[in-house]
Amino acid sequence: MAIPDVLAFIRSELEKRATREHREGLCRYFKEPVDPYGVRAADVKKVEQQAARIVRKWPVADRNRLCGELMKSGRLEESTIVVYLYARFAKQCAGCEFKLFERWIDRYTGNWATCDGIASKLVAASIANDPSLIAQLTAWTGSKNRWKRRAAAVCLTWEARKGRHTAQILALAARLMLDDDEMVQKGTGWLLKETYPPRPAETMDFLLRWNDRAPRLTLRYAAEKMTASDRAKVLGR
């Protein structure tokens with residue numbers, strides 16, 4: 001099947017599974033405007049599985065074009081399918097893919113679900129395969145795009161959970177600690193929450209240098225996995 005045929009197939013399958021009730025529920029759930037079909041997550045996954053059987057042997061360029069067209073549409077479930085589909089090729093992701101995912105964040109991301117899917121699964125896979133890419137995230141923290149700043153934190157949650165690259169993670173978090181955007185604050189707090197269990201001493205030392213200045217929301221998220229004693233120290237102000 002050619003790219004236009006697969007696009008038509010995916011969209012037809014999503015339309016078949018969509019309900020007005022679920023679409024309206026999704027629109028209420030997100031604070032920012034979204035454009036969903038109204039397909040439940042389990043059914044979106046089924047559509048992706050069907051598409052994957054077609055796409056899995058395609059050349060990389062064709063796969064990227066298909067995924068780019070799905071991202072460009074702005075439809076919520078289409079971006080979810082892209083994340084599911086590309087995650088199947090996680091071991092192949094490196095510098096070129098990192099740049100591709102960055103373009104998707106820059107151009108097509110307008111909600112936290114799309115942001116977090118791309119960041120936590122796809123950008124994270126690129127970084128896992130090539131940790132030198134972490135250095136490129138510094139520029140993301142200064143972006144005017146709130147979703148790119150959030151993605152800079154979220155894409156490192158996997159590395160944080162594994163206790164890797166802690167010094168780089170905390171240096172990046174420092175650049176986001178005074179961000180006034182709620183979604184960035186939540187993303188930064190999430191990153192620090194995952195950093196704490198494998199690296200509690202380093203994380204506490206970092207947070208106690210910020211806890212009289214950082215947004216309360218960031219600190220609350222960061223403290224979610226802490227011991228009661230450490231949580232009290234961080235949130236005690």
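Everything quoted here is computed from the prediction, not taken from an experiment. Numbering of residues begins at 1 and proceeds along the displayed sequence.
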> Does anything in residues 45-55 pair up under salt bridge (Lys or Arg N to Asp or Glu O under 4.0 Å), and if so which pairs, sequence neighbours excluded?
Replying inline: Asp43-Lys46, Lys45-Glu48, Glu48-Arg88

> So which pairs with a foot in residues 113-123 pass salt bridge (Lys or Arg N to Asp or Glu O under 4.0 Å), sequence neighbours left out?
Replying inline: Asp116-Arg150

>> Quick check: is Val55 connected to Val47 through a chain of hydrophobic side chains (ILVMFWY, heavy atoms under 4.5 Å apart)?
In response: yes

> Is the backbone of Arg216 close enough, under 3.5 Å, to the side chain of Asn211 for a donor and an acceptor to pair up by distance?
Replying inline: no

>> I need the minimum non-hydrogen distance between Val154 and Ala119, along with the two atoms involved.
In response: CG1-CB, 3.9 Å

> Is the NZ or CZ atom of Arg75 both under 6.0 Å from the centre of the six-membered ring of Tyr37 and within 45° of that ring's axis?
Replying inline: yes

> Within a strict 4.5 Å, meaning less than it, do heavy atoms of the Ile81 and Tyr86 side chains meet?
Replying inline: no

> Does the side-chain contact (heavy atoms from CB on, under 4.5 Å) test come out yes or no for Cys67 and Leu85, once each step is laid out?
Replying inline: CA-CA 8 Å; Cys67 289; Leu85 183 60; 4.0 Å; yes

> Honestly curious: do Leu14 and Val83 fall in one hydrophobic cluster under the side-chain, below-4.5 Å linking rule?
Replying inline: yes

> Taking atom CG of Asn64 and atom CZ of Arg103, what is their separation to the nearest 0.5 Å?
Replying inline: 8.5 Å

> Which heavy atom in Ala94 sits nearest to a heavy atom in Ser126, and how many Å separate them?
Replying inline: O-OG, 3.5 Å

> Got a second to check how far Ser120's OG is from Leu191's CG, nearest 0.5 Å?
Replying inline: 12.0 Å

> Using 4.0 Å as the upper bound for N to carboxylate O, is an ion pair formed by Glu78 and Arg11?
Replying inline: yes

> Step by step, would you call Met71 with Ile105 a side-chain contact (heavy atoms from CB on, under 4.5 Å)?
Replying inline: CA-CA 10 Å; Met71 289 299 306; Ile105 293 168; over 6 Å; no

> How close do Glu32 and Gly110 get, heavy atom to heavy atom, and via which atoms?
Replying inline: CG-O, 3.3 Å

>> Is any side-chain heavy atom of His22 closer than 4.5 Å to one of Val39?
In response: no

> Same hydrophobic cluster for Val6 and Tyr84, using side-chain heavy-atom links shorter than 4.5 Å among ILVMFWY?
Replying inline: yes

> Between Glu224 and Trp190, do the side chains contain an N or O donor and an N or O acceptor separated by less than 3.5 Å?
Replying inline: no

> Between CD1 of Ile10 and CD of Glu15, what distance do you get to the nearest 0.5 Å?
Replying inline: 13.0 Å

>> Restricting to non-hydrogen atoms, name the atom on Glu182 and the atom on Leu217 that form the minimum distance, rounded to 0.1 Å.
In response: CG-CD2, 3.4 Å

>> Within the 4.5 Å heavy-atom criterion, are Asp179 and Thr188 side-chain neighbours or not?
In response: no

> Do Ile118 and Met183 sit in the same hydrophobic cluster, where Ile, Leu, Val, Met, Phe, Trp and Tyr count as joined when their side-chain heavy atoms come under 4.5 Å apart?
Replying inline: no

> Would you find a donor on one side and an acceptor on the other, under 3.5 Å apart, between the side chain of Thr203 and the backbone of Arg199?
Replying inline: yes

> Atom CD1 of Ile169 and atom OG1 of Thr195: how far apart are they, to the nearest 0.5 Å?
Replying inline: 5.0 Å

>> I want to check something: taking the side chain as every heavy atom from C-beta on, are Leu122 and Cys93 in contact at a cut-off of under 4.5 Å?
In response: no

> side-chain contact (heavy atoms from CB on, under 4.5 Å) between Thr166 and Glu202: does it pass, once the steps are laid out?
Replying inline: CA-CA 8 Å; Thr166 303; Glu202 295 97 317; 4.3 Å; yes

> Rounded to the nearest 0.5 Å, how far apart are CZ of Arg164 and CG of Leu156?
Replying inline: 11.0 Å

> Are the side chain of Ser143 and the backbone of Trp140 linked by a donor-acceptor contact shorter than 3.5 Å?
Replying inline: no

> Quick one: does Met204's side chain get under 4.5 Å of Tyr196's, heavy atoms only?
Replying inline: yes

>> Would you say that Phe30 contacts Leu76 through its side chain, given a criterion of any heavy-atom pair below 4.5 Å between the two side chains?
In response: yes

>> If the threshold is 4.0 Å, N to carboxylate O, is there a salt bridge linking Asp35 and Arg23?
In response: yes

> Are the side chain of Glu69 and the backbone of Leu66 linked by a donor-acceptor contact shorter than 3.5 Å?
Replying inline: no

> Does a side-chain heavy-atom distance below 4.5 Å link Glu77 with Pro36?
Replying inline: yes

> Is there a donor-acceptor contact under 3.5 Å from the side chain of Arg231 to the main chain of Ala223?
Replying inline: yes

>> Can you tell me which residue among Lys148, Lys186, Arg146 is in a salt bridge (charged side-chain N to carboxylate O under 4.0 Å, His left out) with Asp181?
In response: Arg146

> Roughly how far, to the nearest 0.5 Å, is OH of Tyr108 from OG of Ser73?
Replying inline: 10.0 Å

>> Could you report the tightest heavy-atom contact between Leu172 and Thr138, atom names first, then the distance?
In response: CD1-N, 4.4 Å

> Above 12 or not: heavy atoms from other molecules or residues under 6.0 Å from CH2 of Trp58?
Replying inline: yes

> Donor-acceptor pair, Thr114 side chain versus Asn111 backbone, under 3.5 Å?
Replying inline: no

> Are Trp147 and Tyr29 connected, step by step, through hydrophobic side chains (Ile, Leu, Val, Met, Phe, Trp, Tyr) whose heavy atoms are closer than 4.5 Å?
Replying inline: yes

> Do Glu13 and Arg17 sit within salt-bridge range, that is, some charged N less than 4.0 Å from a carboxylate O?
Replying inline: yes

> Is there a donor-acceptor pair under 3.5 Å between the side chain of Ser12 and the backbone N or O of Phe9?
Replying inline: no

> For the residue pair Leu26 and Gly38, what are the closest heavy atoms and their distance?
Replying inline: CD1-CA, 4.3 Å

> Is NZ or CZ of Arg213 both nearer than 6.0 Å to the six-membered ring centre of Trp210 and within 45° of the ring axis?
Replying inline: yes

> Does a side-chain heavy-atom distance below 4.5 Å link Gln185 with Tyr221?
Replying inline: no

> Which residue pairs pass the salt bridge (Lys or Arg N to Asp or Glu O under 4.0 Å) test with at least one member in residues 127-144, sequence neighbours excluded?
Replying inline: none

> Are Phe98 and Trp104 near enough that their ring centres are under 6.0 Å apart?
Replying inline: no

>> Show, in sequence, the C-alpha distance, side-chain angles and deciding distance for Arg63 and Phe89, and conclude whether the side-chain contact (heavy atoms from CB on, under 4.5 Å) test is met.
In response: CA-CA 11 Å; Arg63 180 208 310 159; Phe89 305 95; 3.4 Å; yes

